Amino acid sequence: MPKRVRTSCPAHNCGGRCLLVAEVEDGRIVRLDADDRVEDDPARPRLVPCVRGRAYLKRQYHPDRLTHPLKRVGKRGEGRFERISWDEALEIASAEIKRVRDTYGHGALFVPYGTGAYSNTNGSHLARRLLYAYGGCLDIDNSYSWACTNVATPTVYGTCITGNQRQDWVNSKLILMWGWNPAEMIDGTNSAWFVSRARAAGARVVCIDPRKTLSAVGLADEWVPIRPGTDVALMTAMAHVMIAEDLVDRAFLTSHCLGFDAATMPPDLADEESYEDYVMGRRDGVPKTPAWAEPITGVPRKTTVRLAREYATAGPALLYQGYGMQRRAYGEQVVRAGCVLAAITGNVGIAGGGASGLGLPAPDGGTRWLGFPLGENPHPAKIPVAAWTEAVLRGRELTRDDGVRGVERLASDVKLIYAVASNCLVNQHMHVNRSARILEDESLVECLIVQDQFLTPTARFADLVLPACTAFETWGLQDGWKFSDELLLMPQLVEPLGESRSDYRICADLAERLGVGEAFTEGRDERQWVDHILTLYRDRFPDVPDVDTFAESNAGVHGLTVEEPAIALADFRRDPAAHPLTTPSGKVEIFSPALHALGRPDEIPAVPKYVEEWESPFGKEADRFPLQLLGSHTLARVHSSHANNPCLQEAFPHRAHLNPGDAEARGIRDGDAVRVFNERGALVIPCRVTNRVMPGVVDVPQGAWWMPDEQGVDRGGAVNVLTSERLSPLAHGCAAHTAMVEVRKETAS
Ligand SMILES: Nc1nc2c(c(=O)[nH]1)N[C@H]1C(S)=C(S)[C@@H](COP(=O)(O)OP(=O)(O)OC[C@H]3O[C@@H](n4cnc5c(=O)[nH]c(N)nc54)[C@H](O)[C@@H]3O)O[C@H]1N2
Ligand SMILES: Nc1nc2c(c(=O)[nH]1)N[C@H]1C(S)=C(S)[C@@H](COP(=O)(O)OP(=O)(O)OC[C@H]3O[C@@H](n4cnc5c(=O)[nH]c(N)nc54)[C@H](O)[C@@H]3O)O[C@H]1N2
Ligand code: SF4
Ligand SMILES: [Mo]
């Protein structure tokens with residue numbers, strides 16, 4: 001009889017955290033089932049896995065799993081390697097780390113963004129802990145995920161904890177799923193379920209997205225297609241309707257907000273343009289009416305008027321923003337504009353409402369659970385995650401204006417990259433062809449170590465490849481994604497495949513060779529670390545079990561019960577004088593004096609404004625590249641993880657999605673091979689002709705592996721061969737979704 005063990009899906013950075021039941025027999029996982037608990041209590045819902053969790057065995061036992069260390073023998077990026085022993089691999093890695101440190105200093109050592117693993121004893125954080133213990137390394141700031149949201153939300157509210165707990169959504173009368181697709185990108189296991197509960201209780205649900213997503217189809221009453229990058233125009237026009245028809249919450253604006261109109265402007269900036277001035281066009285002579293917005297957004301003016309009236313008058317309403325629309329040029333603006341719309345309708349700090357922005361859940365932002373303790377980084381410098389290529393090419397020129405934090409200037413260019421659980425160098429980072437050229441040059445990055453489970457496009461550029469085991473093959477502990485109400489134990493189910501080892505073990509062995517073994521391990525192995533972290537949790541949550549009890553109970557999950565959902569900013573709403581926000585004024589900053597002081601009104605205005613993107617259908621680039629490119633987060637993958645999973649590849653074949661009108665104009669039929677291209681690169685994959693993407697837009701779901709042919713044309717369909725490295729102006733955030741392309745039918749060559 002196989003043993004049935006409750007465990008977590010090795011979640012990677014997938015949007016969720018779910019419970020699986022693994023059947024283990026003769027040292028092998030033979031079956032994975034879904035959460036088998038019966039309760040369906042909204043206070044403690046089940047954690048039902050998605051297709052990726054269900055298809056995990058195909059990844060776990062994929063024939064291409066890395067089973068031993070590899071050393072490069074060909075040229076960088078050629079992908080030719082020879083097998084070496086662990087002893088040799090650890091010797092090379094530790095000697096290189098030491099050499100680069102001695103030659104260039106700690107600022108030359110870099111662990112890039114890498115989100116492949118979060119099981120505490122697997123993941124890139126362990127490489128960080130190692131290099132911190134060794135004396136420090138250049139660090140990363142912010143994320144590829146929601147850099148703009150993260151920076152822009154606090155400019156309005158002083159915090160990112162602007163969301164009510166999801167158990168409250170049932171109190172909403174209207175939910176605007178704005179560029180938000182919980183049915184496919186999950187956004188916390190059960191978010192789609194909480195939306196459907198709200199809908200069952202009478203909420204109307206509207207999805208505003210260029211694509212007719214599964215959320216639009218399965219969760220919404222209405223789909224409003226919108227031209228990518230133009231949401232601020234729609235939001236501003238909605239504000240125009242609300243102001244013109246006197247639907248704004250004047251009382252709330254007067255008592256709680258800064259800079260909505262002349263009466264609420266900061267006294268020392270009373271003559272500057274208020275939000276109302278901008279919306280009504282008092283300074284620029286352009287009233288931002290629904291008719292003004294229509295040619296920009298493609299949303300009919302009648303729809304805009306109706307949406308504005310509905311959102312202002314429905315009763316408590318939730319405007320929930322996804323993150324795809326801020327992974328764009330000027331992504332800060334759409335976040336601020338969404339927050340402002342929530343504020344002027346008075347939806348802040350109330351049950352059934354929501355302040356918009358990042359919306360980390362009250363009361364504590366979902367930070368109930370701790371990660372692996374990293375220690376302090378003795379080297380103070382940080383760069384925005386997506387600025388790593390610049391740090392390689394011209395690190396010493398980078399300053400705070402480039403997003404450098406902790407120091408005025410970087411001390412060194414990046415010379416050694418230790419990439420753990422990351423495909424961010426050559427697949428998930430923008431402008432792949434450029435990154436590849438940078439990495440090919442061995443005088444720039446002198447040593448590249450990649451630690452992964454597969455020979456990914458990034459790993460193909462490595463000097464040294466270290467095989468990591470999966471989260472099923474060691475002890476681990478995971479918590480929820482964004483909504484962190486659960487702690488999931490991952491008991492070791494089977495032995496690591498081949499010679500693969502946990503990230504913890506690899507880093508511990510390197511630490512030993514670098515003379516910081518004890519500082520890194522503190523004498524613990526993986527299981528003892530899990531127990532130690534559980535002990536740390538017990539300081540805050542006394543009923544958290546120890547590892548033995550947790551494992552013996554086979555509970556799989558330790559959950560918090562949410563009976564009375566927390567409402568973000570409720571104290572502030574009730575009594576703004578006693579509970580001011582942590583913004584400089586203590587108020588909701590519709591007008592931000594701090595942004596005003598930056599003196600860059602065209603790119604970083606003090607009130608949220610529609611700014612035309614640097615690549616758009618309205619610019620001259622559209623003559624050659626008339627289609628807007630999206631790279632949505634598909635259910636088939638976790639970024640590039642699972643891209644080689646045959647089960648998911650079959651269920652969700654990788655396609656460029658094109659509207660029938662655009663296809664017909666180009667003589668393209670469903671299933672044809674198409675070339676998607678611009679000045680940065682080209683990829684060739686089959687086309688899906690579908691009404692589920694609006695005219696003028698092509699979607700190449702992100703994460704497929706880059707597979708260049710001899711001409712450098714990508715046959716794998718990695719969207720990042722087409723995307724631009726230009727970063728957003730304030731958050732220095734990834735703006736991958738802002739890119740123009742052309743599509744043509746590929747004729748056999
Ligand atoms: N299945 C799956 N789920 C995931 C992930 C995954 O790889 N696969 N990754 C996880 C991670 S790390 C993250 S950060 C999140 C990312 O989550 P998101 O960033 O929210 O996901 P996206 O698919 O990029 O964008 C969400 C929706 O926004 C739409 N969109 C794009 N541009 C615009 C625009 O300008 N305006 C409007 N209104 N809509 C726009 C897209 O069509 C898409 O349907 O997803 C997480 N969940
Ligand atoms: N064009 C475009 N590009 C994007 C995005 C977009 O929307 N559009 N989204 C961005 C976002 S939001 C994100 S978060 C990034 C994600 O980019 P990454 O963080 O690079 O995520 P993955 O591509 O999943 O790569 C993770 C790697 O970790 C490996 N891995 C899995 N488990 C383990 C483990 O236990 N140990 C080790 N050592 N390795 C493991 C996997 O095999 C995989 O190669 O991509 C960004 N790139
Ligand atoms: S949402 Fe994430 S954790 Fe849940 S089953 Fe899917 S991939 Fe696994
Ligand atoms: Mo992300």
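Note that the numbering runs from 1 along the sequence shown for the chain. Both ligands and their constituent atoms are indexed starting at 1 by order of listing. Side-chain atoms are counted along with the backbone in the values below, which use heavy atoms only and exclude waters and symmetry mates. What you see is a predicted model, and the numbers here were worked out from it, not measured in a lab.
The shortest N or O to N or O distance between T634 and ligand 1 is below 3.5 Å. Between D209 and ligand 1, a contact under 3.5 Å exists for at least one N or O pair. In terms of N/O distances under 3.5 Å, ligand 1 is approached by G229.
Among R327, R637, H639, the single residue meeting the side-chain hydrogen bond (donor to acceptor under 3.5 Å, both in side chains) criterion with Q702 is H639.
Side-chain atoms of E332 and S728 form a donor-acceptor pair, as typed in the model, at a separation below 3.5 Å. Side-chain N/O atoms of W481 and N13 include a donor and acceptor closer than 3.5 Å. Side-chain contact of W178 with Y320: a donor-acceptor pair under 3.5 Å is absent, judged by distance alone. With no hydrogens or angles considered, no side-chain donor-acceptor pair links Y504 and N120 at under 3.5 Å. If you check the side chains of Y118 and S124, you find no donor sitting under 3.5 Å from an acceptor. A donor and an acceptor atom, one from each side chain of H642 and Y56, are nowhere located under 3.5 Å apart.
Counting atoms of ligand 1 from 1 in the listed order, those under 4.0 Å from a heavy atom of L635 are 1 (N). Atoms of ligand 1 found under 4.0 Å from any heavy atom of P228 (numbered from 1 in listed order, with element): 34 (C), 35 (O). Close contacts of ligand 1 with W178, meaning ligand atoms under 4.0 Å from a residue heavy atom, involve 38 (N). In summary, the atoms of ligand 1 found under 4.0 Å from a heavy atom of E184, numbered by their order in the structure, are 1 (N), 2 (C), 3 (N). Those atoms of ligand 1 with a heavy atom of T213 less than 4.0 angstrom away are 44 (O). Taking a cut-off of under 4.0 Å to the non-hydrogen atoms of D231, the atoms of ligand 1 that pass are 34 (C), 35 (O), 36 (N), 37 (C), 38 (N). Set against the non-hydrogen atoms of I226, the atoms of ligand 1 under 4.0 Å away are 38 (N).
Within 4.0 Å of ligand 2, protein heavy atoms come from H12, N13, R59, Y113, G114, T115, G116, A117, N122, Y144, S145, R327, V420, A421, S422, N423, C424, Q428, Q451, D452, Q453, T456, A468, C469, D503, G631, H633, V638, H639, S640, S641, Q702, V719, N720, T723, A736, H737.
Qualifying side-chain contact (heavy atoms from CB on, under 4.5 Å) partners for R460, counting only residues two or more places apart in sequence or in other chains: L455. For the side chain to side chain donor-acceptor pair (under 3.5 Å) test, no residue two or more places apart in sequence or in another chain qualifies with R17. Scored by the side-chain contact (heavy atoms from CB on, under 4.5 Å) test, A220 finds M177, V205, C207 as partners (sequence neighbours excluded).
No donor-acceptor pair under 3.5 Å is formed between the side chain of T738 and the backbone N or O of R328. No donor-acceptor pair closer than 3.5 Å links the side chain of N190 to the backbone N or O of L47.
Distances from ligand 1 to the non-hydrogen atoms of I186 include no value under 4.0 Å. Put simply, no part of R227 is less than 4.0 Å from ligand 1, judged by heavy atoms.
Residue contacts with ligand 1, taken as heavy atom pairs separated by less than 4.0 Å, do not involve W180 at all.
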